[in-house]
Amino acid sequence: MSGVAGQTAAKTDGWEPKIVAFCCNWCSYGGADSAGMGRFQQPASARIIRVMCSGRIDPLHVFNAFLEGADAVLVTGCHIGDCHYVNGNDKTKIKYKYLENVAHELGIEKERLQLNWISASEGEKFANFIRDVTAQIKKLGPSPLKPEGVA
Amino acid sequence: MEKGEMYVGWSTKDDVRKRGGSGGLVTSMLAAALEKKLVDAVVVLKKINEFEAVPIITSDINEVLNSAGSLHSVPSHFAKLIANKNLKVALPAKGCDVRGIIEQGKRNAINLENTFIVGLNCGGSMHPVVTREMLEVMYKIKPEDVHGEEIEKGKLIFETKDGKKNAITIDELEEKGYGRRESCRYCTIKIPTNSDIACGNWGVTGDLVGKATFVEINSEKGARLLQNAVDAGYIQIQKPDEKGVAMRAKIKGVMEGLGQKWKEKIFVPMDNRLEYFRKELEHCIDCGACKTVCPTCSCGDVSKCTEYHSRGDAYKMSMYHLVRFLHLGDACIGCGQCSDVCPVDIPLTRLYRRFANPIQQELKYEPGMDMQKPPYFEVKLNE
């Protein structure tokens, strides 16, 4: 048992959080792309999942990400009014408010679930966002929902 | 007859009037609807013994007239009983039944145009299995010896076959963990104004106490149902006196106040919620019974939540329940069925209400009260 405990302590030491970022195909995924092209430094903590529209993100995707071991989940999409599918992100906004309520009641810290609108040209904003969230989560430590044996 | 009118009425059939709890009005109204072909079938309770009954769908008038009437120890829920059957039906329903039926109506599983909902005032109901245990532990009588039950002045009274009456106050029973279902204690819908016609004994005064039913018409369908019964000669009605109307409003206010107090007592704010939910859900065996009975769920066999059954994963918390939390945050009507059926005794209704109480308050959305859809399904382009 002591071996396992020692391992966990070592893990928190140089520990890098795992962040799942849902990005819409038309804006925030492009934003991630231009972050790379513009060479804006960001930690390697984000795992991007591309969806066609942020409106496609079902709240259960978010909870499943947490159960699979994500330390934070980011929901990103086009700015309001810029949706490729007219009003997909309006729906995201309302759905997110609901999701936020459920997550709060469940006891998940508010830093672990965040919403941001990032356009395809805002590479720097994307990089900054990932950097900020990574710093916040490093302070909080690993998610309490992380399964055993997942780093 | 119009929406909003109130009456006091009773059955014209003597034996029904005597046997029925408050003048047998509801029983007669259902029988009349069946006879005059207003509906094809009605739902009534069929007696098992003196304090237990099961709901059945029937087209036989004699079965209706001989039904059990109102009992306190009943299995709810009528919404799923008539869902997906495409019946032209009239049925009695407690507040939570009505809400379930309307929610099924929203999900196109029940055609509300063809459904006559006779709402019943309800101060709470009891779980049949808990009632049996209560009879043995608290009353020290055998369930088989029970001859009748009634509630009077805050006391639950069981009469045995030898004519002895055993009374214990409901407060005392609930302190010991018996009595009403937990969800009934904090329920704040005591008079179902969302039904077509709301019936109950609150507001009956003078000589008529115990022999008549107070009726409030809530919709055009309800007016049709009552008029039909009067025309068929099954019931007799008269205008209520003002004292009765005031008394009914007062009882409603007091009961709702008590419900609110229970709510505050049960849902105390908690710090380590995540750990609390994890601990409570630890014993879940993925049987899916809570979803099967849930009156606001109409996904059928293929559903998002049951997809996560028996995955053999290492999840810290049941994903099945997380999906249910999401789906019920805006839809839970707090009927208490899930807690009733859970084979490993997880207090599910309490968990669901932890999400539903604040969310429904914030969204200003009360499920099952009218046909209003959840706010996020009503996204308008121009807003």
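Chain A is the first sequence line, chain B the second, and so forth, proteins listed ahead of strands; every chain is numbered from 1. Because the structure is a prediction, the values reported are computed rather than measured.
- Within the 4.5 angstrom heavy-atom criterion, only side-chain atoms of B/F277, from C-beta onward, approach chain A.
- In this structure, the side chains of A/L67 and B/M317 come closer than 4.5 Å at one or more pairs of heavy atoms.
- Smallest separation of non-hydrogen atoms from B/L328 and A/Y98: C-OH, 4.4 Å.
- Using a 4.5 Å cut-off between heavy atoms, B/Y308 contacts chain A through its side chain alone, with no backbone atom that close.
- One distance of note links CD of A/E68 with NZ of B/K316; it measures 13.5 Å at 0.5 Å rounding.
- Once rounded to the nearest 0.5 Å, the distance linking CD of A/E109 with CG of B/L274 reads 8.0 Å.
- Of all heavy-atom pairs between B/A314 and A/P147, the closest is O-CB, 3.4 Å.
- With respect to chain B, the highest number of heavy-atom pairs below 4.5 Å among A/K93, A/H104, A/K97 belongs to A/H104.
- Ranked by heavy-atom pairs under 4.5 Å with chain A, the list B/I359, B/V323, B/N272 is led by B/I359.
- Other residues, nucleotides and ligands contribute over 12 non-hydrogen atoms within 6.0 Å of the CZ atom of B/F355.
- The heavy-atom pair separating A/E105 from B/R273 by the smallest distance is O-NE, 2.8 Å.
- More than 12 heavy atoms of other residues, nucleotides or ligands sit less than 6.0 Å from atom NZ of B/K85.
- Summarising the geometry of B/Y315 relative to A/N64, their closest heavy-atom pair is OH-ND2, 3.2 Å, with the distance given to 0.1 Å.
- Between chain B and the residues A/L106, A/N101, A/L60, A/V102, the most heavy-atom pairs under 4.5 angstrom are made by A/L106.
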